[in-house]
J.: 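The structure under discussion is supplied below as structure tokens; questions concerning it will follow.
Per chain, numbering begins at 1; letters A, B, ... match sequence-line order.
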Number of protein chains: 2
Amino acid sequence: MRKLDAQAIEDIALGATILGTGGGGDPYIGKLMALQAIEEYGPVSLIDVDEVPDDELVVPSAMMGAPTVLVEKIPNGEEPFKAFELLKNHMGKDIFGTISIEAGGLNSMIPLALAARLGLPVVDADGMGRAFPELQMVTFTIYGVSSTPLALCDEKGNSILLNTVTNKWSERLARVLTVEMGGSTMLAIYPMTGKQLKAGAVRGTMSLAESLGRAIRESKLNHVNPLDKILEITHGHLLFKGKITDVLRKTTGGFARGKAIFEGIEEYKDKTMELEFQNENLVARVDDQILASVPDLISVIDPDTGKPITTEMLRYGYRGVVIGIPCNEKWRTDEGLKLVGPRYFGYDIDYIPIEERVKGVRVR
Amino acid sequence: MRKLDAQAIEDIALGATILGTGGGGDPYIGKLMALQAIEEYGPVSLIDVDEVPDDELVVPSAMMGAPTVLVEKIPNGEEPFKAFELLKNHMGKDIFGTISIEAGGLNSMIPLALAARLGLPVVDADGMGRAFPELQMVTFTIYGVSSTPLALCDEKGNSILLNTVTNKWSERLARVLTVEMGGSTMLAIYPMTGKQLKAGAVRGTMSLAESLGRAIRESKLNHVNPLDKILEITHGHLLFKGKITDVLRKTTGGFARGKAIFEGIEEYKDKTMELEFQNENLVARVDDQILASVPDLISVIDPDTGKPITTEMLRYGYRGVVIGIPCNEKWRTDEGLKLVGPRYFGYDIDYIPIEERVKGVRVR
């Protein structure tokens, strides 16, 4: 167990946004919520997965919705708390701690804000090791953990308890509710025992995010290239350097869908990258050759600052470095690929791990 | 208090379908559910509103969805029971009895089936004195009764508890859920005290439906014109006799919307009636003159049998008599007309009570 202070929160928010692979919510809003909470209630305890007793209850707290909406619709801070209390009362059982459902600017922060307020520890883990657009896309699903009972709250005061027959049904029902409620809601979801957590979680996600964020921050002070540090910490691969010449984007069915076109610069001159996303980046192609696909992570980094550029921030004229990061091994199983492989997202391609994909690619 | 046997249920189902003004669900399915339940569990007690103690809890049980869907998607009988149990457990309070949310072929029957199974009485009243397409459209809303906590179940095993800030929000959220769940769901909704019931209910609806159904049944035996009996019992008005020449229909947003065109016969020859509906019949026009509008009741009756023709049964070539029935006085208040007046449904017309409208009409 260790305490997370304001600096740790800044670092985690930044690092988690890289792991958010373009999605996971706006880091600015999430950070504000978490910083305000620890200022008011004191630092948060970060505990290891193995510090959670087998029979205790851990409940992730998360935002649901399209990041494009959240930029304009700031949660009022009460909703995550209300969702958590609603679930707790419904289950009639004390909750030992909370955890991020996914790595991402917002969803790494919500549990911290909540934990500070409730005096609960946050587990150093998450359910993806990255961000994904749909509720059932967590490693917990692979391990048979139910997403329900699930509590969902909006900023108007509406609250809902779901009990569903599959995690995909939770996605479907919570999604239409979230769209109807204005595009974003707060959830308490996937209540699980310590035993289930130990089997299903992606371990160490918060610490990894913190290392990443710290490295980017310190690279500026030390005049080091932040990109090198990011690739080193994540075991990532440089995929492309380019300038954005086009961004197509629409918010449909509660998702921010679209693609960005990068024209290559430096050693990637005369090449074109197409990056497709659904909240998160899904597939990166250079001149029709796939360089990376879900479930591996694809992130766009500002080459000067090392800071991530989320899908809602992609703009014409921006320079970006596109990197690929190997996903957690749980996603590379048959069950994992059924949930989050390229075919689930409508691509008629097999998943090939990024380490193998990049081996086949020679730029110039 | 009196007991309702199989004959009473047949009569109520038939009469309630006339009060359902084209909507309220298919009487055949509802009747089967209720008859099966009383066969298994015995007759149901029908009690007067004043027999409910002020501090006891009464909970309406209802189907939500487009009648066009329900014809093909028969509820399995477990869902109303599950919704009721879910709400009861959530509230942690015993439920004294149940009641129809609306008069209609299905929603007059669901509470009977449930009451038989649970050994609870059914209150001789409802929340509309007719049927309406949206959840907030009950006289209880006028009297400040909240629609939530609200339990909603589908036939797949998904169940949901809603707590909303307004009854209109319950409509919005339960509607998108119902659409996503396949078009129909079962609800336990508007939990209310005996005191609230006494203030807000439309009294005597079940007995009225039974009288209507009995009159139609007996008219056949006695070779009496059923239409005359219907108009007498309901204080209704004959609006038109015609043959259906066109039916436009689409199911959108969880509703069956459309209109039927009647070409006049007998004394209405050379005239045309246009009947618009959203689950229920909304406005009846003859040659652009409005003869009746919500909240007054508009029903189509088969002139030979006296049986109602619901909106989903309207077909080219059918002969129908269109009648108008004055709505309950609670709907004729400012608050009532705000909820269910013609302007709410998008018509730029004032509500004029049917008694006044028909005075101004001379056919030939």
Side-chain angles (χ1 to χ4, degrees), chain A residues 64-65 76 78-79 81-93 134-136 146-189 191 252-255, chain B residues 64-65 76 78-79 81-93 134-136 146-189 191 252-255:
Chain A
M64 180 170 202
N76 70 16
E78 279 299 303
E79 304 132 55
F81 176 71
K82 280 188 190 159
F84 215 69
E85 287 297 295
L86 181 60
L87 189 70
K88 185 180 151 184
N89 292 337
H90 178 69
M91 296 188 76
K93 200 172 174 235
E134 299 181 9
L135 287 188
Q136 77 281 9
S146 172
S147 51
T148 64
L150 182 173
L152 183 155
C153 294
D154 71 11
E155 79 290 353
K156 291 171 277 288
N158 296 308
S159 68
I160 293 156
L161 271 165
L162 292 179
N163 270 289
T164 61
V165 287
T166 63
N167 293 345
K168 175 75 183 186
W169 267 109
S170 290
E171 161 62 26
R172 288 180 61 171
L173 300 182
R175 186 68 55 188
V176 293
L177 287 168
T178 296
V179 171
E180 189 68 19
M181 286 162 130
S184 72
T185 52
M186 290 291 165
L187 315 180
I189 185 171
T252 55
F255 294 113
Chain B
M64 182 172 200
N76 70 16
E78 280 298 304
E79 305 132 55
F81 178 71
K82 280 189 191 159
F84 215 68
E85 287 295 297
L86 182 60
L87 189 69
K88 184 180 152 186
N89 292 337
H90 178 68
M91 296 187 75
K93 201 172 173 236
E134 299 182 8
L135 287 188
Q136 78 280 7
S146 172
S147 52
T148 65
L150 182 173
L152 183 156
C153 293
D154 71 11
E155 78 289 355
K156 290 171 277 288
N158 296 308
S159 68
I160 293 155
L161 271 166
L162 293 179
N163 269 290
T164 61
V165 287
T166 63
N167 294 345
K168 174 75 184 185
W169 267 108
S170 289
E171 160 64 25
R172 288 180 61 172
L173 300 181
R175 186 69 53 187
V176 293
L177 287 167
T178 296
V179 171
E180 188 68 20
M181 286 162 130
S184 72
T185 52
M186 291 291 166
L187 315 181
I189 184 171
T252 55
F255 295 112

J.: Show your working on side chain to side chain contact (heavy atoms under 4.5 Å, CB included) between B:L173 and A:I160 and close with a plain yes or no.
T.: CA-CA 9 Å; B:L173 300 181; A:I160 293 156; 3.8 Å; yes
J.: Let me confirm one number: the CG-CG distance from B:L152 to A:L161, rounded to the nearest 0.5 Å.
T.: 13.0 Å
J.: To check you understand the geometry: which heavy-atom pair defines the closest contact between B:V165 and A:N158, and what is its length?
T.: N-OD1, 2.8 Å
J.: Specify the closest pair of heavy atoms between A:K156 and B:W169, including all atoms of both residues, with the distance to one decimal.
T.: CE-CZ2, 3.2 Å
J.: Just to verify, what does B:K168 make a salt bridge (Lys or Arg N to Asp or Glu O under 4.0 Å) with, not counting sequence neighbours?
T.: B:E134
J.: Looking at B:T166, B:L162, B:L177, which one has more heavy-atom pairs under 4.5 Å with chain A than the rest?
T.: B:L177
J.: Just so I understand: if I count every heavy-atom pair under 4.5 Å between each of B:S159, B:A151, B:C153, B:S170 and chain A, which residue has the most?
T.: B:S159
